[in-house]
Student: 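My questions all concern the structure below.
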Amino acid sequence: MKIIFLIDGPFLKRDYERFSFDILLKNNIELCMWDFQKLYPIKPKNDSFEAEFDLSNTNIKSRVFLSFNELENNTKLNGIFIYDYRVNLNMDYPMSWFKEKGAIIIIREQGLGPILLHKLSLVDHLIIIRNKFQHLGFIALIKAISKKTLRTPKRNYFDIKICSGSLSQCSKNQFEIRSHAFDYDIFLEKKNNKKNDRDYILFLDNGQTNHPDYSELNISPFATAEVYFPLLRSFFEKIEEQTGLPVIIALHPRLKINDSLSMQFGNREIFINKTAQLVRDAKLVVNHDSTAINFVALWRIPMVIITTNQIEKAIYRAMNAQDHFLQTTRVNINNPYDNMDFLKISEKPISQYNQYIENFIKVTGSPIKNSAEIIIEGLNNYLKSQL
């Protein structure tokens, strides 16, 4: 069995771990990485971002394409599974091209979030237009609307869908592999580890001002550091005063800890690549719209969702969708919050966690084992079904 992964951006250590490549390799799956990064404008390197993963020390066969002519010469794809991990929307060779060459196309819905499935009201649409105008300006807003309107609708060029929560479903003639979210693999790995006896509040950082995607995708930051961090520090001081617990930071995994970041967070403790276990042991979590909310739900941790005026202008839809599925109300820290009981507010989402897990993470009765093992079994069943 052979699987080719297509990438056009950085491949990171956490990608290797998330896809459980070690398990796939141990089961004699031939893994290939086709890298198209050099065919697109070179992004500036930044030492404050996570470095790319070195595939040379693995059994993954890696190929870097320097021209599309090389791709044209690789047409023997019959019976080969392909997973498209590219992010470039204007790609020259869409999945339809690979399917026409005989490849078996896999898509994964193991990272679903509320924004993808929340239906907006007319009022929501008007708020988004107003916010985008304030965030982008008139000309940029018109360009964004035109681009979305003129974009060619996506067609289903896949053969196999790897599903997770109940809101992930297959259509007719699509082969379903019922798995779960990637974060559930980490949950299974960490759930029985020894707990930390320390009491703390955990803030889930998601790089509102400095996420690598801003430069890689040429988009504006959701918030500016000079506005965002003073608001954040003031909120941390208030919730620490009210609860008697210190706030610590789970930094976005693609960033690196440095003195500047430490100062911006008020010299509070910052941790990297320990988000799952930090969520598990926290007394309370503070969040914007981090995907690590999966761990919050799985471990049933009280949570306060916070936002700012800048965040609302940039990602209103994501914040609103999260409130909808958790039946809670986010706290805008641009507004007064002196009289708010954060412990009481944090309890509100807990009643929705089971449904959130069912919707986005794992359906009741699906296998309780690593998703790579589920996928191997599913791909073998697919091949048998084609005989």
Side-chain angles (χ1 to χ4, degrees), residues 5-21 33 35-38 40-55 57-58 60 62 83-89 108 110-113 115-116 181-183 185-187 189-190 202-225 228-229 232 248-265 268-279 285-296 310-311 314-315 318-319 322:
F5 283 74
L6 310 179
I7 63 171
D8 61 1
F11 186 79
L12 309 172
K13 183 173 185 262
R14 62 195 181 98
D15 294 321
Y16 180 90
E17 294 171 347
R18 176 168 52 178
F19 287 106
S20 299
F21 278 1
M33 192 73 65
D35 187 344
F36 299 94
Q37 289 186 71
K38 293 188 180 296
Y40 296 97
I42 298 174
K43 308 295 190 305
K45 296 296 181 182
N46 191 321
D47 291 338
S48 66
F49 299 159
E50 182 183 5
E52 292 191 48
F53 184 62
D54 184 5
L55 294 174
N57 296 321
T58 71
I60 299 174
S62 178
Y83 175 70
D84 194 359
Y85 199 47
R86 296 174 295 173
V87 298
N88 194 298
L89 294 177
R108 295 173 180 250
Q110 294 178 271
L112 285 181
I115 188 174
L116 299 175
F182 289 119
D183 288 337
D185 290 334
I186 301 173
F187 169 75
E189 177 188 347
K190 305 290 185 184
L202 181 68
F203 173 64
L204 297 175
D205 172 65
N206 57 355
Q208 291 289 344
T209 68
N210 54 352
H211 195 291
D213 282 355
Y214 297 144
S215 59
E216 291 172 5
L217 300 178
N218 193 28
I219 59 177
S220 301
F222 296 158
T224 58
Y228 174 74
F229 283 107
L232 204 59
I248 65 174
I249 315 299
L251 193 66
H252 188 281
R254 289 196 63 189
L255 301 177
K256 291 183 179 179
I257 300 172
N258 56 45
D259 291 340
S260 175
L261 263 180
S262 180
M263 291 178 61
Q264 287 173 323
F265 283 115
R268 291 174 172 82
E269 287 184 271
I270 303 176
F271 297 86
I272 191 79
N273 294 325
K274 293 184 178 180
T275 299
Q277 54 265 49
L278 288 172
V279 170
V285 165
V286 177
N287 180 38
H288 294 308
D289 69 329
S290 170
T291 56
I293 192 175
N294 285 350
F295 299 127
V296 180
Q310 287 185 328
I311 292 173
I315 54 169
M319 301 303 295
Q322 192 170 239

Student: Let's go through Leu204 and Val296 carefully: what are the C-alpha distance in whole Å and the side-chain angles of both, what is the deciding distance for side chain to side chain contact (heavy atoms under 4.5 Å, CB included) to 0.1 Å, and is it a yes or a no?
Tutor: CA-CA 10 Å; Leu204 297 175; Val296 180; 4.1 Å; yes
Student: Output yes when a side-chain donor or acceptor of Gln322 lies under 3.5 Å from a complementary backbone atom of His288, and no otherwise.
Tutor: yes
Student: Evaluate the side-chain proximity of Phe187 to Asn294: yes if any heavy-atom separation is below 4.5 Å, no if none is.
Tutor: no
Student: Determine the minimum heavy-atom distance between Asp15 and Pro10, stating which atoms define it.
Tutor: OD2-O, 3.9 Å
Student: Which atom pair, heavy atoms only, marks the closest approach of Glu52 to Leu12?
Tutor: CA-CD2, 4.1 Å
Student: Please round to the nearest 0.5 Å and tell me the distance separating atom CD of Glu17 and atom CG of Asp185.
Tutor: 11.5 Å
Student: Please say which of Leu278, Ile272, Val279 ends up in a side chain to side chain contact (heavy atoms under 4.5 Å, CB included) with Thr275.
Tutor: Val279
Student: Side-chain contact test, heavy atoms from C-beta onward, threshold under 4.5 Å: evaluate it for Ile315 versus Gln208 and give yes or no.
Tutor: yes
Student: With Glu189, which residues qualify under salt bridge (charged side-chain N to carboxylate O under 4.0 Å, His left out), at least two apart?
Tutor: none
Student: Is the distance from the ring center of Phe229 to that of Phe265 below 6.0 Å?
Tutor: yes
Student: Could you measure the distance from the CZ atom of Arg108 to the CG atom of Asp84? Nearest 0.5 Å is fine.
Tutor: 12.5 Å
Student: How long is the span from the CG atom in Leu251 to the CZ atom in Phe203, to the nearest 0.5 Å?
Tutor: 9.5 Å
Student: Donor-acceptor pair, distance only, cut-off 3.5 Å: does the side chain of Asn206 make one with the backbone of His252?
Tutor: no
Student: Judged by atom type as modelled, is there a donor-acceptor pair below 3.5 Å linking the side chain of Gln37 to the main-chain atoms of Gly9?
Tutor: yes
Student: Should Ile249 and Leu261 be marked as a side chain to side chain contact (heavy atoms under 4.5 Å, CB included) after you check the CA-CA gap, both sets of side-chain angles, and the distance that decides it?
Tutor: CA-CA 11 Å; Ile249 315 299; Leu261 263 180; over 6 Å; no
Student: Would you name the heavy atoms of Pro253 and Asn273 that are closest together and state the gap between them?
Tutor: CB-OD1, 3.7 Å
Student: Can you check whether Leu55's main-chain N or O pairs, donor with acceptor, with Thr58's side chain at less than 3.5 Å?
Tutor: yes
Student: Would you compute the distance between atom CG of Asn210 and atom CZ of Arg254 and round it to the nearest 0.5 angstrom?
Tutor: 11.5 Å
Student: For the atom pair CZ (Arg268) and CG (Leu232), what is the distance rounded to the nearest 0.5 Å?
Tutor: 8.0 Å
Student: Determine the sole option in Tyr83, Phe53, Phe5 for which the ring pair (Phe, Tyr, Trp, His ring centres under 6.0 Å) test with Phe21 is passed.
Tutor: Phe5
Student: Working to the nearest 0.5 angstrom, can you tell me the gap between Arg18 CZ and Asp183 CG?
Tutor: 8.5 Å
Student: Treating Gln277 as the side-chain partner and Lys190 as the backbone partner, does any N or O pair qualify as donor plus acceptor under 3.5 Å?
Tutor: no
